Amino acid sequence: MPELPEVETTRRGIEPHCAGKRVTQVVVRDSRMRWPVTPGLEKLIGKNRITSVARRAKYLLLGIGEGTLIVHLGMSGSLRIVDKTAAPGKHDHVDIVLEGGKVLRYNDPRRFGCLLWHQEDPINHPLLSRLGPEPLGNEFDADYMYRQSRRRKAAVKAFLMDGHIVVGVGNIYANEALHRAGVHPSRQAGRISRRRYDRLVGEVRAVLMNAIADGGTTLRDFVGSDGKPGYFRQQLAVYGRGGEPCQTCATTLKEIRLGQRSTVFCPECQT
DNA sequence: ACGAAGCCCTGCAAGC
DNA sequence: TGCTTGCAGGGCTTCG
């Protein structure tokens, strides 16, 4: 579920319930995640106040007391605000109980996510220190992408999804942005002009911003209830539409695998 | 340095 | 109906 827009939507959804609140209790039911949940988390953050709820790439950063809880939702994770009385269900691995009777509840069926405690500035954490710029920030522009891509032989789609180049562009939005920009996903990153990167950068931005605006709508009531997946679907021009006609030129959309991931494009519009 | 592949895990749909 | 297979929105790690 979590692409960058949904992580940002989660951040916005939980922030008002968390910021300024004191933690009264932490319950770790299952610590087996991508990496084990930091041992002793209960002691480390218990009784401290949540001061901030930030995001870097697809990591949520909860400022608590003197440190930061780094949370990643992996591929199937979610973070919800529920009532203290709500019984935990399957895959509800961690509860952060807040003063006032609400609980920040972490659920992740596939356990690809993580919850890691970090005492210092999270910027210096190994997982965060080498990440590329934010796709919606100023650093991400045509010039940057052009420079980074020279002599790169990898497919532009893989390049776009590489977190060391730019963060937050997952499989869905890579497919969408490339279609909107008219760029073939298999084209070598180093063989794309500055002009075309200009277009691509604009479309990455546009598609993410649309999704964030929409993510708000999609998951408007995810707090307290079930955030239903797949509502973006109707807006997606190519993802999940292999074999269907291109909305621009009616050519049949082609589906291939690129770097183990499903890739859909229009052989006519994308060159 | 770069690029491709492997792997972590559960759930679900499709095919036999 | 029940089994097996493949695939899923991520990304670190390993290998060549």
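Letters go in sequence order (proteins before strands), and every chain restarts at 1. The structure displayed is predicted, hence computed values, not measured ones.
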Given C:dA8, C:dG9, C:dC12, identify the nucleotide with an atom nearest to the side chain of A:Arg257.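 For the A:Arg257 side chain, the nearest candidate turns out to be C:dA8.
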
Starting the side chain at C-beta, find the nucleotide from B:dG11, C:dA8, C:dG10 nearest to A:Ser262.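 Side chain of A:Ser262 sits closest to C:dA8.
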
Using atom [atom1] in both nucleotides, what's the gap between [N] and [M] to the nearest angstrom?
{"N": "B:dC9", "M": "C:dC3", "atom1": "P", "value": "23 Å"}
{"N": "C:dC7", "M": "B:dA5", "atom1": "P", "value": "14 Å"}
{"N": "C:dG11", "M": "B:dC12", "atom1": "P", "value": "23 Å"}

Short of 4.0 Å, heavy atom to strand atom, which residues of residues 118-133 of chain A count as contacting DNA chain B?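 Here the set is empty: none.
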
Do the side-chain N or O atoms of [X] get closer than 4.0 angstrom to the phosphate oxygens (OP1, OP2) of [N]?
{"X": "A:Tyr239", "N": "C:dG9", "result": "yes"}
{"X": "A:Lys90", "N": "B:dG11", "result": "yes"}
{"X": "A:Tyr59", "N": "C:dC12", "result": "yes"}
{"X": "A:Arg34", "N": "B:dC9", "result": "no"}
{"X": "A:His91", "N": "B:dT10", "result": "no"}

Check the angle between the aromatic planes of A:Phe265 and A:His184 and answer parallel, tilted or perpendicular using the 30° and 60° thresholds.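 A:Phe265 and A:His184: tilted rings.
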
Below 30° counts as parallel, above 60° as perpendicular, anything between as tilted: where do the rings of A:Tyr106 and A:His93 land?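 Ring orientation of A:Tyr106 relative to A:His93: tilted.
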
Between A:Arg111 (side chain) and A:Arg32 (backbone), is there a donor-acceptor pair under 3.5 Å? yes

Quick one: CG on A:Leu115 to CG on A:Leu79, what's the gap to the nearest 0.5 Å?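 A:Leu115 CG to A:Leu79 CG: 7.5 Å, rounded to 0.5 Å.
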
Restricting both atoms to N or O, compile the protein contacts to nucleotides 2-5 of chain B shorter than 3.5 Å, with distance only.
unit_1 : atom_1 : unit_2   : atom_2 : d
B:dG3  : OP1    : A:Lys153 : N      : 2.6
B:dG3  : OP1    : A:Ala154 : N      : 3.0
B:dG3  : OP2    : A:Arg152 : NH1    : 2.6

Can I get a per-line list of side-chain donor-acceptor pairs under 3.5 Å for residues 246-262 of chain A, giving both atom names and the distance, sequence neighbours left out?
unit_1   : atom_1 : unit_2   : atom_2 : d
A:Glu255 : OE2    : A:Ser262 : OG     : 3.3
A:Arg257 : NH2    : A:Gln260 : O      : 2.6

Determine whether any donor atom in the side chain of A:Arg110 lies under 3.5 Å from an acceptor atom in the base of C:dA8, or the reverse, and answer yes or no.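 Yes.
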
Distances for protein N/O vs nucleotides 14-16 of chain C N/O pairs under 3.5 angstrom?
none

Would you sort out whether A:Met145 and A:Phe159 count as a side-chain contact (heavy atoms from CB on, under 4.5 Å), showing the intermediate values? CA-CA 10 Å; A:Met145 289 300 275; A:Phe159 179 70; 3.6 Å; yes

Per-residue pairing states of DNA chain B in dot-bracket (Watson-Crick or G-U under 3.5 Å; . unpaired, | other strand) read .|||||||.|||||||

Quick one: hydrophobic cluster around A:Leu61, which other residues, with the 4.5 Å side-chain cut-off, linked directly or via members?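 Joined to A:Leu61, directly or through intermediates: A:Trp35, A:Tyr59, A:Ile70, A:Leu116, A:Leu127, A:Leu128, A:Leu131, A:Val167.
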
At their closest point, which heavy atom of A:Glu134 faces which heavy atom of A:Ala57, and how far apart are they? OE2-N, 2.7 Å

